[in-house]
Amino acid sequence: MRVSTIGLVHNAGDLQRGSSLEQIDRARLAAHFADRGEHDLATAPRGRVVEVHGEVREMRLVPGATPHVDAIVCDGTGEVVARFGGRARPDGLRPGSHVLLLGEIHDVDGAATMVEPVVEESPASLEAP
Amino acid sequence: MAEPAVGTPVETQPGAAPPETARVPLSASLIKRALVGRPLPSAAEQHQRLGKPTGLAVFASDAISSTAYATEEILLVLVPVAGMAALDDLIPIAIIVSILLVLVCSSYIQTIHAYPNGGGSYVVSRENLGVTPSLVAAASLLVDYVLTAAVSVSAGVAAITSAFPELFDYRVEICLGFIVLMTVANLRGLKESGRLFAGPTYIYILSLTALIGIGLFRTMTGSLEPMPVNEASLEELTNNGSLLGPVTVLLLLRAFSSGAVALTGVEAISNGVPAFRKPESRNASQTLVAMGAILGTAFLGISVLAHKLQPTVSEDETLLSIMGAAVFGEGSVPYYVLQFSTFAILILAANTAFADFPRVASVVSADGFLPRQLSNRGDRLVFSNGILALGAVSAVLVVAFKGDTSALIPLYAVGVFTGFTLSQAGMVRHHLRLREPRYRLRITINVLGAIATFIVLLVVVVSKFTIGAWIPAALIPIIAVIFLRIRKHYRRVASSLRMPEDYRPVATRHTVVVLVGSVHKGTIDALTYARSLRPDQLIAVSVAMDDAAYDRIVSDWERNEIDVELRVVHSPYRDLTNPLLHLLDEIDKGEPGHLVTVVVPEFVVNHWWETALHNQSAMVLRARLRRRPNTIITSVPLQIAPA
């Protein structure tokens with residue numbers, strides 16, 4: 001009987017990649033978003049318009065003098081902050097949703113950031129992960 | 001995010017409201033007060049100390065109880081081989097055991113004066129022989145006291161169920177009842193338990209005195225003839241004569257070592273010297289002398305009486321019962337008083353264990369070899385945790401052996417005589433070191449005592465190895481190793497806490513993270529508290545398990561216009577802890593001076609069973625966060641109004 005048949009691991013690759021939830025999740029996203037769009041988040045170039053895909057890992061509602069909403073999008077290879085000014089939450093952005101972002105990536109406070117990118121539902125989200 | 005756990009340990013409770021929180025433990029407090037009495041101030045410690053009569057009842061009941069079976073133990077070794085001729089060997093063996101008793105008592109009197117803070121064999125070994133022997137002594141003593149408590153109670157209850165066979169099916173419950181009684185009585189204080197149990201101890205001493213006195217008087221005056229041989233019992237013991245044979249040296253050694261069980265409990269007073277009134281050493285040593293005199297006289301007296309009366313020992317009736325029936329008359333009031341006081345003293349031998357185990361454990365614990373809690377005095381100035389630990393372990397033994405702990409009896413002597421041998425060897429080193437007046441005489445006593453008790457130890461281990469003596473022989477070293485591991489842990493903790501001279505804690509940044517399940521009064525209280533910490537960064541964090549949860553928290557947040565950054569984290573595996581830990585890692589980025597305070601709003605419910613109705617996931621989170629460096633966990637309690 002293979003170990004996977006009793007639900008311990010899916011395959012030997014799982015063991016090689018590690019077994020923490022974070023590692024498993026990264027592997028899940030990397031497998032899911034592989035070959036989607038022009039670039040993955042780890043290699044997406046800075047300073048020119050790119051199309052990237054990923055899953056919204058976190059939403060941040062930041063109040064204060066310059067309120068904004070950040071969506072942290074991750075594709076298993078890296079992550080990008082999609083930043084939107086004001087208090088309004090862009091449609092389609094919620095934790096767990098799969099999105100396509102179109103815009104320029106710049107480094108802001110050490111984090112890859114897209115300011116006001118175009119957001120679409122990722123075609124990848126139509127397929128089962 | 002999941003609802004915070006309730007009823008879990010609270011690290012800090014800012015704003016706790018006394019009326020509600022005080023209500024929860026009230027009933028428990030009342031029960032505790034009813035059982036153990038009002039708490040005693042530390043200043044009352046002197047008043048809790050024991051005088052000599054009570055001290056004798058508390059610390060000598062174990063030793064004196066051995067008179068109920070020591071002579072019989074000698075005969076049960078000799079009679080199967082030597083038949084009734086065994087009675088001729090009884091007196092010489094009893095005399096040798098009595099000499100050994102004198103040697104051991106003399107040694108412990110010296111110990112009491114040399115080490116007035118108690119701890120007996122453990123302290124003597126620690127001061128003179130080194131750490132390892134002292135731990136062997138401590139393990140021996142503690143194992144011995146656990147066995148004393150379990151075996152004494154079981155033996156006493158066995159005597160009761162022999163008299164009243166209809167109670168046999170309830171023997172475990174009766175044993176547990178006595179253990180609970182001893183535990184509670186001892187939690188009330190040494191003085192109270194001493195007073196409570198002194199009566200039966202002294203009645204037993206008086207009954208025994210009457211048996212020996214009247215018995216010897218009647219045999220000498222000729223009004224009581226030697227008893228006829230009980231052929232049935234003799235045939236049973238000798239297996240119809242097939243076991244009869246020559247009396248060898250080994251047989252005599254076995255008989256001697258069986259009789260030496262009379263010495264069990266002699267060390268008890270030396271362990272508990274500080275329990276006596278001032279001058280502690282003097283009072284303790286005088287009590288030890290009294291105990292030795294009573295024990296020696298009773299043991300020798302019973303042996304001489306047995307020699308005169310020539311009773312046939314039996315596996316069905318105790319020697320004391322046989323001789324009591326002959327001297328007082330079967331069914332007479334004195335006979336029943338002797339029988340019942342024998343039951344009582346056998347059970348009360350456990351009380352010595354309850355007096356000494358916590359004291360020895362406290363001394364060992366103070367040295368860092370046992371959990372520190374064992375050295376704390378409770379409400380009634382006794383070492384409550386030690387008493388509870390002994391009660392629990394002995395109860396487990398009684399249940400495990402179904403109230404028949406006769407299998408544990410061979411285990412006894414190993415611990416006792418290991419302690420005796422180490423103690424006396426330690427005293428030899430002590431005298432050699434200090435060379436006080438008459439030290440040569442003292443050394444001679446201790447050397448003889450150490451050799452004799454070591455011989456008994458060897459004989460017991462060899463002759464009873466297969467029937468149980470291997471257990472303490474294996475267990476004692478294991479316990480000693482556990483002691484060392486515990487101390488290693490405490491040393492590691494101390495080393496971690498040690499503050500270098502130039503130590504300056506670095507706190508460059510402080511982020512407060514408030515965990516939010518939903519927006520309610522407790523959330524607002526927690527955020528208010530978090531703001532009061534004046535952090536560099538304040539973040540509210542929620543873990544969204546689904547879209548509906550995300551929509552609810554965000555819309556509630558916006559509707560209440562909460563002016564705090566809200567982060568809603570996706571949890572693809574419906575897990576609370578890992579997304580939060582990941583988030584915290586992102587926040588502090590492992591910066592050494594970056595403190596993160598995690599604030600958890602917490603419901604405080606009114607009844608213990610209500611805690612089960614709330615999610616316990618925050619408890620798991622707390623356990624994980626405790627291991628995270630530079631992370632402080634704070635609970636903000638929200639008291640739920642009673643129905």
Side-chain angles (χ1 to χ4, degrees), chain A residues 10 14 18-33 54-76 78-84 86-99 109-112 121 125 128-129, chain B residues 1 509 511 513-516 519 527 531 536-591 620-621 624 627:
Chain A
H10 294 294
D14 279 351
S19 58
S20 79
L21 272 184
E22 198 183 327
Q23 288 168 320
I24 291 169
D25 196 37
R26 258 204 310 270
R28 173 184 69 90
L29 292 173
H32 185 66
F33 291 108
E55 181 179 277
V56 178
R57 191 171 57 75
E58 184 183 324
M59 291 296 294
R60 297 176 184 172
L61 279 63
V62 185
T66 52
H68 56 273
V69 175
D70 287 348
I72 314 300
V73 176
C74 180
D75 71 349
E79 61 182 39
V80 67
V81 180
R83 177 161 295 172
F84 305 89
R87 292 178 189 277
R89 284 175 280 141
D91 289 341
L93 279 177
R94 55 178 56 247
S97 60
H98 288 183
V99 293
D109 299 330
E121 190 178 3
S125 66
Chain B
M1 189 179 70
R509 192 168 168 77
T511 298
V513 174
V514 180
L515 302 189
V516 179
V519 178
L527 288 168
R531 273 201 194 92
D536 298 299
Q537 190 181 16
L538 171 59
I539 302 167
V541 174
S542 187
V543 177
M545 300 295 177
D546 52 40
D547 287 352
Y550 170 71
D551 289 337
R552 191 168 51 245
I553 183 80
V554 171
S555 59
D556 285 351
W557 204 259
E558 290 171 341
R559 192 176 59 251
N560 287 284
E561 296 178 351
I562 300 170
D563 194 24
V564 173
E565 178 181 339
L566 173 67
R567 295 189 181 185
V568 186
V569 183
H570 176 51
S571 178
Y573 301 102
R574 304 155 302 284
D575 167 49
L576 173 71
T577 314
N578 283 292
L580 278 172
L581 287 172
H582 180 71
L583 185 89
L584 297 182
D585 290 344
E586 280 188 346
I587 288 170
D588 67 9
K589 297 180 181 68
E591 293 166 29
V620 178
L621 178 67
R624 291 284 294 273
R627 297 179 173 279

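We name chains A, B, ... by the order of the sequence lines, and we start the count at 1 in each one. The figures here come from the full heavy-atom set of this structure, side chains too, leaving out hydrogens, waters and symmetry mates.
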>> Counting only non-hydrogen atoms closer than 4.5 Å, does B/Asp547 touch chain A with its backbone (N, CA, C, O), its side chain (CB onward), both, or neither?
In response: both
> Distance from A/Leu61 atom CG to B/Trp557 atom CH2, nearest 0.5 Å?
Replying inline: 9.5 Å
>> With a 4.5 Å cut-off on side-chain heavy atoms, are B/Glu558 and A/Arg89 touching?
In response: yes
>> Any heavy-atom pair between the side chains of A/Pro63 and B/Val564 that's under 4.5 Å?
In response: no
> Taking 4.0 angstrom as the limit, do A/Arg57 and B/Glu586 come out as a salt bridge?
Replying inline: yes
>> Is B/Leu583 close to chain A through its backbone or its side chain, or both, or neither, when contacts mean heavy atoms under 4.5 Å?
In response: side chain
> Rounded to the nearest 0.5 Å, what separation is found between the NE2 atom of B/His582 and the CG atom of A/Asp25?
Replying inline: 9.0 Å
>> A side-chain contact here means heavy atoms from C-beta on lying under 4.5 Å apart; do B/Glu565 and A/Arg60 qualify?
In response: yes
> Between A/Arg94 and B/Asp551, is the closest basic N to carboxylate O distance under 4.0 Å?
Replying inline: yes
> Looking at B/Asp546, B/Leu581, B/Asp563, B/Asp575, which one has more heavy-atom pairs under 4.5 Å with chain A than the rest?
Replying inline: B/Asp563
